[in-house]
Amino acid sequence: MLDMKYIRENPEIVKAGIAAKNEVENIDSLLDMDKKRRAVIVEVEELKKKRNENSNLVSQYKKEGKDAGGLIENTKLISLKIKELDAQLSKIELTINEELGKIPNMPHNSTPIGKDASDNKQIRSWGEIPSFDFKILDHLELGERLDILDFKRGGKVTGSGFPVYKGAGARLERALINFMLDWHIDKHGYTEIFPPFVANRASMFGTAQLPKLEDDMYYIERDELFLIPTAEVPLTNLHSNEILNVDDLPIKYTAYSACFRREAGSYGKETRGFLRVHQFNKVEMVNFVKPEDSYDVHERMLKEATELLELLKIPYRVLLLCSGDISFAAAKCYDIETWSPAEDRWLEASSVSNFEDFQARRASIRFKGEKGTKPQFVHTLNGSGLATSRLMVSLLENYQTDEGTVIVPEVLRPYMGGMDVIKRKYK
RNA sequence: GGAGAGGUGGCCGAGUCGGCUGAAGGCGCUCGCCUGCUAAGCGAGUGAGUGGGGAAAUCUGCUCCGAGGGUUCGAAUCCCUCCCUCUUCGCCA
């Protein structure tokens, strides 16, 4: 959420920012409402002051045994008027907050202005795109032949887009998750959280999945809860409505969670196998930092995520997203894409975003520094480190052999009971 | 799900028959004094949100005692609804 005061003082910048993000919002009408709001506040507060004075007078009159009847009658009328204005005010504020919630974060000045994914900038790449001297298989075929992935039966149990991992596949998935978590915890000082996988509406608003993405979220109507689309939601909202101590910053959380996305309207292309699923696994990193640190931390988190791919020896590239492709809440975002030999293209495996104070304002996450200074909003950042589904595609495909087996990346072997290759028959 | 207890400032905790209680007291914290050092002691200060005036320092108003509503001239205090925590019964991976 943007600061109303900022919008009031920089309407043109905000309008430009909204346009750069391919969003539409009527700033002028918002400014009108803001003006109206303040006018009503002035009026109602004047009346409240009067009411308070009168009430105190009534008390005084009664003590002195004087008749307060007229005063009470008069104050009754004032209270009536206050009630009316308060109702008007809360209606205005509700509308303002609703509109404010729909305004995207402003792109940072290092975010390139652009329309869509074609305007994203490649920052760097790592690893060789492998060439194979045999006919390669895609992850679906590999998964089926090795009997480690079962998309068909997942469809039977739940529906399409709910993959089943089996045998060495299940263990490999778990190995990936554990390897990544352990790395973040041991090497980068993250605190592990095992969060709830469902979240309430306030939390979903806090991290800005709502209102924009409501149709993409699974919703449990009976309990008014949402399945989390990412651990970012519980992790960030862990500190909602809190004032943190500056000495506690930065706070670094990492968590595994299953992630649920309806992906409404995206059936068709790019949905084969793991390319787009309704449930996938992800290790997430969330940082709460001082505003002046957030862009350095952003770079650090990018490294923390890409480092894993280097350890896994999977080729990747880093994109700096343009304003039109960046998420609603982000000011700046890097995507990390891994190479899929069978698809012959890059697949998004991670997003590392700086939200500045956008989420912090929505969820009211502040910190207090020096004595006498006002609490201010923290900056929040998150990054997948990493999502396993697309990563699994790259892993299986890059590590396949001409025998149809898959070599287990070295760093994962300790997590696989020492297994170094996945063959057809897994016990 | 049933029954009971409770939700007050960073924390603990008081709040009588509704009336200067934004809230006693304590802890913590900050600054100052004192003290070979540490500890103790003494003094002062210490919530947030949102308006208005002012170039600014700052002055001033309103709101907030889980959330929302109601009663009242006036509510942390009374009433209703909801949420959360604890105890207990039931159920259960």
Side-chain angles (χ1 to χ4, degrees), chain A residues 1-9 30-101 157 194-206 220-226 234 237-249 251 258 288 357 359-378:
Chain A
M1 188 143 60
L2 296 184
D3 184 3
M4 191 62 227
K5 199 186 280 174
Y6 178 82
I7 299 175
R8 201 184 298 150
E9 287 161 6
L30 182 64
L31 289 172
D32 282 348
M33 279 189 287
D34 175 55
K35 212 170 187 175
K36 180 104 190 276
R37 169 178 171 268
R38 283 180 297 151
V40 175
I41 285 177
V42 170
E43 195 182 349
V44 77
E45 285 190 355
E46 199 62 40
L47 290 171
K48 282 182 179 172
K49 188 180 176 187
K50 186 72 188 160
R51 181 187 64 186
N52 291 344
E53 287 169 357
N54 284 5
S55 297
N56 286 334
L57 274 180
V58 170
S59 163
Q60 202 178 312
Y61 279 17
K62 287 199 169 174
K63 268 182 210 158
E64 294 168 0
K66 285 198 237 172
D67 173 43
L71 197 54
I72 288 177
E73 280 312 305
N74 181 269
T75 311
K76 209 179 258 182
L77 292 177
I78 294 177
S79 284
L80 231 57
K81 183 70 184 164
I82 288 173
K83 203 169 185 178
E84 198 179 294
L85 287 173
D86 265 343
Q88 200 180 327
L89 184 61
S90 61
K91 202 172 161 191
I92 293 171
E93 290 185 332
L94 198 73
T95 314
I96 288 177
N97 282 334
E98 234 166 61
E99 293 308 309
L100 226 41
V157 172
F194 208 121
F197 291 180
V198 289
N200 58 30
R201 183 168 285 276
S203 293
M204 295 292 280
F205 180 83
I220 305 165
E221 204 162 342
R222 190 167 166 174
D223 298 299
E224 296 181 71
L225 295 170
F226 295 83
N237 284 288
L238 237 32
H239 291 297
S240 64
N241 297 310
E242 286 186 23
I243 299 178
L244 304 164
N245 193 318
V246 67
D247 298 330
D248 296 332
L249 300 178
I251 293 172
F288 301 78
D357 64 4
Q359 294 181 324
R361 184 169 275 113
R362 289 177 159 245
S364 189
I365 307 168
R366 292 173 292 170
F367 75 97
K368 204 167 179 179
E370 295 304 307
K371 201 74 202 166
T373 59
K374 284 266 166 195
Q376 52 179 320
F377 291 108
V378 298

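A note on names: the letters A, B, ... follow the listed sequences, proteins ahead of strands, and every chain is numbered from 1.
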Mark up nucleotides 61-85 of chain B, 5' to 3', with B wherever a protein heavy atom is under 4.0 angstrom from a base atom, S wherever such an atom reaches only the sugar-phosphate, and - elsewhere. BBS------SS-BS-----------

Considering residues at least two apart in sequence or located in another chain, which fulfil the side-chain hydrogen bond (donor to acceptor under 3.5 Å, both in side chains) criterion with A/Glu93? A/Arg37

More than 12 heavy atoms of other groups within 6.0 Å of A/Glu224 CD: no

Does A/Asn56 have any side-chain hydrogen bond (donor to acceptor under 3.5 Å, both in side chains) partners at least two apart in sequence or in another chain, and if so, which? none

Whole-Å gap separating C1' (B/rG47) and CD (A/Glu242): 16 Å

Base-pairing mate for B/rG68 - Watson-Crick or G-U, with both contacts under 3.5 Å: B/rC80

Residue list, side-chain hydrogen bond (donor to acceptor under 3.5 Å, both in side chains) with A/Gln88, at least two apart or on another chain: none

Hey, are the side chains of A/Leu100 and A/Ile7 touching, using non-hydrogen atoms and a 4.5 Å cut-off? yes

note: A/Phe367, atom CZ; B/rA48, atom P; distance rounded to Å ~ 14 Å

Just how far, in rounded Å, is C1' of B/rG28 from CG of A/Asn245? 12 Å

Please determine, for B/rG18, whether a Watson-Crick or G-U wobble partner exists with both distances under 3.5 Å, and give it or none. none

Residues which pass side-chain hydrogen bond (donor to acceptor under 3.5 Å, both in side chains) with A/Arg51, listed by chain and number, not counting sequence neighbours: none

Is there a Watson-Crick or G-U wobble partner for B/rU46 with both distances under 3.5 Å, and if so, which one is it? B/rG28

What is the distance, to the nearest angstrom, from the CG atom on A/Asp34 to the P atom on B/rU50? 12 Å

Atom P, compared across B/rC42 and B/rU58: separation rounded to whole Å: 32 Å

Lys/Arg N to Asp/Glu carboxylate O, A/Arg38 vs A/Asp34, below 4.0 Å: yes

Rounding to the closest angstrom, what is the interatomic distance between B/rG22 and B/rC29 at atom P? 28 Å

Could you tell me how far B/rA44 sits from B/rC34 if I compare only their C1' atoms? Round to whole Å. 15 Å

Could you check how far CG of A/Leu244 sits from P of B/rG10, rounded to whole Å? 12 Å

Just checking A/Arg361: base, sugar-phosphate only, or nothing, at a heavy-atom cut-off of under 4.0 Å? nothing

Inter-nucleotide C1' distance (B/rU46, B/rG9), Å rounded: 11 Å

Phosphate oxygens OP1/OP2 of B/rG51: is one of them under 4.0 Å from a side-chain N or O of A/Arg37? yes

Please measure how far the C1' atom in B/rA14 lies from the corresponding atom in B/rA3, and state the result in whole Å. 29 Å

Rounding to an integer number of Å, can you tell me how far A/Ile243 CD1 sits from B/rC29 P? 19 Å

Contacts under 3.5 angstrom, residues 70-83 of chain A side chains, donor-acceptor by atom type, not counting sequence neighbours:
from: A/Thr75; atom 1: OG1; to: A/Asn54; atom 2: ND2; distance (Å): 3.1
from: A/Thr75; atom 1: OG1; to: A/Leu71; atom 2: O; distance (Å): 2.7
from: A/Ser79; atom 1: OG; to: A/Thr75; atom 2: O; distance (Å): 3.4

Residue matched to B/rG4 through Watson-Crick or wobble contacts both under 3.5 angstrom: B/rC86

Interatomic distance at C1', B/rG69 relative to B/rG10, whole Å: 31 Å

B/rG41 pairs with which nucleotide, Watson-Crick or G-U wobble, both distances below 3.5 Å? B/rC33

